[in-house]
Participant: 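Once you've had a glance at the structure underneath, I'll fire off some questions.
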Amino acid sequence: MTAVLVLNADLGPLHRVTLRHAVRMLLREVAVVHESEPDRLIGVYPMPKVVRLVSYVVTRWRFGNGPAWSRAGVHARDGRRCGYCGKDATTIDHILPRSRGGRNTWKNTVAACTVCNQRKGDRTPAEAGMVLRVQPSVPTWHALTQR
Ligand SMILES: [Zn+2]
């Protein structure tokens, strides 16, 4: 099954759909072919590799991917409280340290105070003997905009 990449109207990649689904989008005129396989047709359309939505969709509601990671977002999600001791957080801690491949993702980051962050250093919480008060998760837009 060929997967077709769907781009938003602003060319931001959204997700992949099956070829059948992509063709239905073309038929309904919600999308146009953005990039196609050379010399191949499906019905009247060039065989799509990438389709582009005709009108912009606000993806955060529609596809439920959640907001993009940001430091400010982590602080908002955690209520600006340190994930380890509950005091005022001023930094971001990577649960799996960045030096060991930890990424900037919602689940790998918590708000932290400088004391805990320095204490933890290049270790995981388990290695450092530190306990997370919260289970980091992907916040909803609602949660981010409420605070
Ligand atoms: Zn702390």
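Indexing begins at 1, ligand by ligand and atom by atom, following the structure's order. What you see below is based on every heavy atom in this structure, not just the backbone, and it leaves out hydrogens, waters and symmetry mates.
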Participant: Using a cut-off of 2.8 Å, how many protein N, O or S atoms lie below it in distance from the Zn ion (ligand 1)?
Facilitator: 4
Participant: Could you go through His15 and Leu5, starting from their C-alpha distance and side-chain angles, then the distance that decides it, and tell me whether this counts as side chain to side chain contact (heavy atoms under 4.5 Å, CB included)?
Facilitator: CA-CA 6 Å; His15 57 173; Leu5 180 66; over 6 Å; no
Participant: Could I get the full list of side-chain hydrogen bond (donor to acceptor under 3.5 Å, both in side chains) partners for His34, not counting sequence neighbours?
Facilitator: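 Scan of His34 (side-chain hydrogen bond (donor to acceptor under 3.5 Å, both in side chains), adjacent residues dropped) gives Arg52.
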Participant: Using a side-chain heavy atom cutoff under 4.5 Å and only I, L, V, M, F, W and Y, what cluster partners does Leu96 have?
Facilitator: none
Participant: Can you name the residues that form a side chain to side chain contact (heavy atoms under 4.5 Å, CB included) with Arg133, not counting sequence neighbours?
Facilitator: Arg81
Participant: Taking atom types as modelled, is there a side-chain donor on Tyr84 or Asn117 under 3.5 Å from an acceptor on the other?
Facilitator: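 Judged by distance alone, the side chains do not pair up.
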Participant: List the steps, then state whether side chain to side chain contact (heavy atoms under 4.5 Å, CB included) holds for Val54 with Val30.
Facilitator: CA-CA 5 Å; Val54 172; Val30 296; 5.6 Å; no
